[in-house]
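Numbers restart at 1 for each chain; the letters A, B, ... are given by sequence-line order, proteins then strands.
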2 protein chains.
Amino acid sequence: MKDKRHLKQELYNLFARVANAMSNPHRLELLDLLVQAPRTVEELAREANLSIANTSQHLQRLKQARLVLDEREGVYIRYYLADPAVARLWLELRCVAAQQLAEVEHTLDAYRNRRHAFETISADELRARIRTQKIVLLDVRPTVEYKAAHLPDAVSIPLDELEERLNELPKRKTIVAYCRGPFCVYADQALERLAALGWKVARLEEGVAEWQLAGLPLEA
Amino acid sequence: MKDKRHLKQELYNLFARVANAMSNPHRLELLDLLVQAPRTVEELAREANLSIANTSQHLQRLKQARLVLDEREGVYIRYYLADPAVARLWLELRCVAAQQLAEVEHTLDAYRNRRHAFETISADELRARIRTQKIVLLDVRPTVEYKAAHLPDAVSIPLDELEERLNELPKRKTIVAYCRGPFCVYADQALERLAALGWKVARLEEGVAEWQLAGLPLEA
DNA sequence: TTAATATTCAATAGAATACTTGAATATTAA
DNA sequence: TTAATATTCAAGTATTCTATTGAATATTAA
């Protein structure tokens with residue numbers, strides 16, 4: 001009975017190992033990117049603004065904790081989320097932090113300074129209005145992410161192609177943009193430009209991960 | 001646009017801070033205890049087998065991350081979970097670890113070596129059978145935890161009082177025991193004794209946290 | 001006030017972590 | 001085979017984390 005204590009400790013060790021893998025901001029950013037789409041080390045390093053070696057090491061810690069898996073693809077190695085449950089855990093962590101740490105709200109307001117500038121539309125309302133054909137749902141994430149998974153009926157125009165492809169957006173419809181989720185500014189930036197050019201706009205705060213967590217369908 | 005990067009980093013820092021608070025096995029054990037019921041530093045130290053000073057320091061890290069709060073009660077200071085969302089995060093972490101790390105299953109089998117010895121009963125089945133009055137639902141956790149919250153119609157007999165209070169359990173009914181959840185051995189130990197004495201027994205794997213997460217009602 | 005007690009603080013040593021650099025490995029294409 | 005490239009490994013250093021110890025603080029009871 002008494003010697004069981006170390007087994008209990010061992011269990012807590014294992015749980016702590018997973019939390020430990022998530023206890024570094026860079027690793028969380030990598031996870032966050034992988035929630036959107038699988039990527040190679042080089043891509044992840046570029047997007048997270050890290051050195052290749054450092055990125056590789058962080059990825060290996062995520063892999064040891066079984067949060068991500070990797071797969072060789074020719075000369076590249078592609079990392080991807082080990083399980084949808086990992087995305088859920090990451091969303092839950094963000095949710096607790098946002099709920100409990102007032103600094104999150106403050107920092108988010110500074111980061112997404114256009115955050116309150118546009119009408120926001122709920123997932124339910126979106127589903128209702130998309131049927132009436134009065135809106136266009138716009139996915140402004142990079143193409144790889146759109147290809148990995150996107151919301152039903154969403155049109156893809158990555159943020160950095162928006163300027164050249166404005167003609168694809170009908171003037172008389174409301175443009176509802178979304179991106180990686182409530183902690184991403186891509187949609188805000190797209191909407192700011194579109195609003196200045198005369199479109200009626202609205203933002204969907206949810207990204208594909210939140211959408212999926214809510215049990216709503218995705219397209220691949 | 002470019003100087004926003006540090007704001008994004010700041011957000012990831014905040015999220016990582018929460019994960020960091022959960023990245024130590026002792027802190028997870030303290031959290032786990034607090035999910036069951038609020039407790040003083042001394043109680044937590046005793047139950048987690050830590051020195052007082054060490055416990056205090058760990059609790060302060062949990063408090064900094066806003067996972068727990070404290071409240072002075074005379075000469076004692078009582079710690080409690082900051083929010084039910086924290087319990088959800090902890091359950092989600094355990095779930096991911098159990099799902100992804102094979103070692104968790106192995107260690108759990110060693111820790112709960114009677115794990116597969118008894119019939120297990122699902123929450124749904126319990127709710128159905130408790131109406132027919134053919135079972136007694138037995139909460140074997142310490143009294144403070146039972147008082148903090150317990151399942152509807154549950155009878156409290158803490159594990160260490162079981163021997164003296166056997167007469168409170170009707171012989172002709174099936175005893176369904178539960179404790180802190182799937183990673184706790186209290187119920188197994190109670191059932192082992194009861195089965196040896198001739199009761200029909202079954203185990204409910206869920207604890208109050210899992211029960212609550214499933215949206216089921218609790219009693220206080 | 002004073003004594004007793006619960007908790008926190010401060011200082012320390014030893015372990016783990018993060019990032020950089022340059023070398024090593026593995027695959028593809030020539 | 002060889003060269004080129006993506007990724008990992010290894011070593012070193014600065015930083016952070018953990019547990020212990022003993023002192024400091026805050027509350028209650030005398």
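Residue A:R78 places no side-chain N or O under 4.0 Å from the OP1 or OP2 atom of D:dA6. Regarding contacts with the backbone of D:dA10, every side-chain N or O of A:Q57 stays at 4.0 angstrom or more from both OP1 and OP2. A sub-4.0 Å separation between OP1 or OP2 of C:dC19 and a side-chain N or O of A:H58 is present. In this model, the phosphate group of C:dT8 is not approached by any side-chain N or O of B:Y76 to a distance below 4.0 Å at OP1 or OP2. Within the structure, a side-chain polar atom (N or O) of A:S56 is placed less than 4.0 Å from OP1 or OP2 of D:dT8.
Summary of the strand contacts: B:E42 and A:L50 both lie near DNA chain C, and taking for each the nucleotide with the nearest heavy atom, the more 5' one is attributed to B:E42. When each of A:R72 and B:I52 is assigned the nucleotide of DNA chain C bearing its nearest heavy atom, the one mapping closer to the 5' terminus is B:I52.
For C:dT17, the paired base is D:dA14 (Watson-Crick or G-U wobble, both distances below 3.5 Å). For D:dT21, the paired nucleotide is C:dA10, the pair qualifying as Watson-Crick or G-U wobble because both relevant distances are below 3.5 Å. With both pairing distances under 3.5 Å, C:dA30 is matched to D:dT1 as a Watson-Crick or G-U wobble pair.
Between B:F15 and A:F183, the ring planes lie perpendicular to each other; the angle is over 60°, past the 30° to 60° tilted range.
Atom CG in B:L30 sits about 13 Å away from atom P in C:dT7, given to the nearest Å. To the nearest angstrom, P of D:dT8 lies 11 Å from CG of A:L44. Per the geometry, CD belonging to B:E43 stands 11 Å off P belonging to C:dA6, to the nearest Å. Taking atom CG on B:D70 and atom C1' on C:dC9, their separation rounds to 15 Å, with Å as the unit. One can place CD of B:E73 at 14 Å from C1' of D:dT28, the figure rounded to the nearest angstrom. Look at CZ on A:R39: it is 18 Å from C1' on D:dT7, rounded to the nearest Å. Going from atom CZ of A:R27 over to atom P of C:dC19 covers 9 Å, rounded to whole Å. One atom, CG of B:L62, and another, C1' of C:dT8, lie 15 Å apart when rounded to the nearest Å.
In this structure, the ring of B:Y186 has its center no less than 6.0 angstrom from the ring center of B:Y178.
Listed candidates were C:dT7, C:dA18, D:dT7. Nearest to the side chain of A:T40 is D:dT7. You'll find that the side chain of B:N24 is closest to D:dT18, out of C:dC19, D:dT18, D:dA6. The listed nucleotides are D:dC9, D:dC17, C:dT8; the one nearest the side chain of B:Y79 is C:dT8. Set against C:dT17, D:dT7, C:dT8, the side chain of A:N20 has C:dT17 as its closest nucleotide. Comparing C:dT20, D:dC17, C:dT27 against the side chain of A:A53 picks out C:dT20 as the nearest. With distances taken from any side-chain atom of B:V75 to the nucleotides D:dA6, D:dT27, C:dC19, the minimum falls on D:dT27. Checked against C:dT21, D:dT20, C:dA6, the side chain of B:N54 finds its nearest nucleotide in D:dT20. Between C:dT17, C:dT8, D:dC17, one nucleotide has an atom nearer to the side chain of A:R61 than all others, and that is C:dT17.
Atoms CD and SG, from A:E205 and A:C184 in turn, are 11.0 Å apart once rounded to the nearest 0.5 Å.
Cation-pi check for A:R94 over A:W90 is met; the charged atom lies under 6.0 angstrom from the ring centroid and within 45 degrees of its normal.
Between B:E206 and B:R180, no side-chain nitrogen of the basic residue sits less than 4.0 Å from a carboxylate oxygen of the acidic one, so the salt-bridge criterion is not met.
B:V41 and B:T55 get closest at one heavy-atom pair: O-CG2, 3.9 Å.
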